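Okay, structure first, notes after.
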Amino acid sequence: MLGAVINTLLVLLTGVAAGALNAIGGGGTFVALPALVAFGLPPVTANALSRVALVPGAVASAWVYRRELTPVGGASTKALTVVSMVGGGVGAGLLMALPASSFDAAAPWLLATATLILAFGRRLPQALSALLGRPVSMSSRAVLIGQFFLAIYGGYFGGAVGITMLALWSIGLGLDAAASNPMRVVQLAAVFLSAGILFLFASDILSAPLILAAMLIGAVVGGWAGAHLARRLSAALLRGIILAIAVIMTVMYFLRG
């Protein structure tokens, strides 16, 4: 009995941390997914459950940022959000349709890719501009197409998808990451929402209702608080913390594999 209570509290705290990280700079999946696997859930179930549990936290963060949205190139906020929701649903469908072994094999490499993006994504815009000899500029159609594929990735896996959004917008449009962060949070909520709805009805996450409820509550608290704290904490410190978590979790996944 005591062990179950302790595990529930640990899941709750994991949800708080994941929700806060997603609100501040991304990386919540790096905390939620490995923790749920450690609590005994199969990787695919853990991935689906984390996505459903993080939806309310992402929505809470998006609500905090609702008055600070800046356009992403020529794409309207409505069009970008619709594309994010459709892509998120497609990615979630792929996760449910493909064999569990596919995710087991891909997860460490997806984590490694996301970790590299976390580590070097901020330098890509300058490097690409220097290589081409001119600033890079994406059309609204290109922005929406890129967002669609990122949303598919977010629905399937989700690790660092918000970071990759910022990287795409920065590389293709020269947008400042700090100014784009509110839009990142809104689009992350859209991806998680559509994927979460599918997972809720098509996966077996309801077989672990206590874990789901604990992480969901924690994510709401963390998402709300994290969005408010994001304006007060050092961006460099936050990036360092998220990157450290990403590296540790990537190593753990490769060792586990």
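Here the structure is a predicted model, which means the values were calculated and not measured.
Judged by distance alone, the side chain of R51 and the main-chain N or O of F157 form a donor-acceptor pair under 3.5 Å. In this structure, the side chain of N22 does not engage the main chain of A58 through any donor-acceptor pair within 3.5 Å. For S61 (side chain) and G223 (main-chain N/O), a donor-acceptor pair under 3.5 Å exists by modelled atom type. No side-chain donor-acceptor contact under 3.5 Å links S140 to the backbone of A75. Here the side chain of S50 pairs a donor or acceptor atom with the backbone of A46 at under 3.5 angstrom.
Scanning both residues, L12 and A214, for their nearest heavy atoms gives CD1-O, 3.2 Å. For the residue pair G196 and V55, the shortest heavy atom distance occurs at CA-CG2, 4.4 Å. Counting all heavy atoms, side chain and backbone alike, P43 lies closest to V37 at CA-CG2, 4.1 Å. In terms of heavy-atom proximity, G93 sits nearest to L198 at N-CD2, 3.4 Å. Summarising the geometry of A23 relative to V185, their closest heavy-atom pair is O-CG2, 4.0 Å, with the distance given to 0.1 Å. The two atoms that bring S194 and S84 nearest to each other are OG-O, 4.2 Å, heavy atoms only.
No side-chain heavy atom of N181 sits under 4.5 Å from any side-chain heavy atom of E68. Within the 4.5 Å cutoff, the side chain of M183 has heavy atoms near those of the W169 side chain. With a 4.5 Å cut-off on side-chain heavy atoms, V191 and M165 count as touching. Between F199 and M96 the shortest side-chain heavy-atom distance falls below 4.5 Å.
To the nearest 0.5 Å, the span separating OG1 on T14 from CG on L33 amounts to 11.5 Å. A distance of 4.5 Å separates CG in L212 from CG in L49, rounded to the nearest 0.5 Å. Separating the CG atom in L54 from the CG atom in L216 is a distance of 8.5 Å, to the nearest 0.5 Å. To the nearest 0.5 angstrom, L95 atom CG is 9.0 Å from T45 atom OG1.
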Run the side chain to side chain contact (heavy atoms under 4.5 Å, CB included) test on Y156 and L98 for me, step by step, so that the C-alpha distance in whole Å, both residues' side-chain angles and the decisive distance to 0.1 Å come before the verdict.
CA-CA 10 Å; Y156 181 79; L98 295 175; 4.1 Å; yes
Tell me, with the steps shown, if Q187 and V83 meet side chain to side chain contact (heavy atoms under 4.5 Å, CB included).
CA-CA 9 Å; Q187 298 311 312; V83 166; over 6 Å; no
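Connection of L188 to V16 is not established within any shared hydrophobic cluster, with ILVMFWY side chains joined at heavy-atom distances below 4.5 Å, either directly or through further cluster members. In terms of hydrophobic clustering, with Ile, Leu, Val, Met, Phe, Trp and Tyr side chains grouped at heavy-atom distances under 4.5 Å, V221 and L9 are assigned to different clusters. No continuous path of hydrophobic side-chain contacts links V52 to L210 [ILVMFWY only; heavy atoms under 4.5 Å]. The cluster map of Ile, Leu, Val, Met, Phe, Trp and Tyr, joined by side-chain heavy atoms under 4.5 Å apart, puts V86 and V72 in the same cluster. Note on I145 and V90: same hydrophobic cluster, where clusters join Ile, Leu, Val, Met, Phe, Trp and Tyr whose side-chain heavy atoms are under 4.5 Å apart, directly or indirectly.
Atom CZ of F39 has more than 12 heavy atoms from other residues, nucleotides or ligands within 6.0 Å. The environment of CZ in R141 is sparse: at most 12 heavy-atom neighbours from other residues, nucleotides or ligands sit within 6.0 Å.
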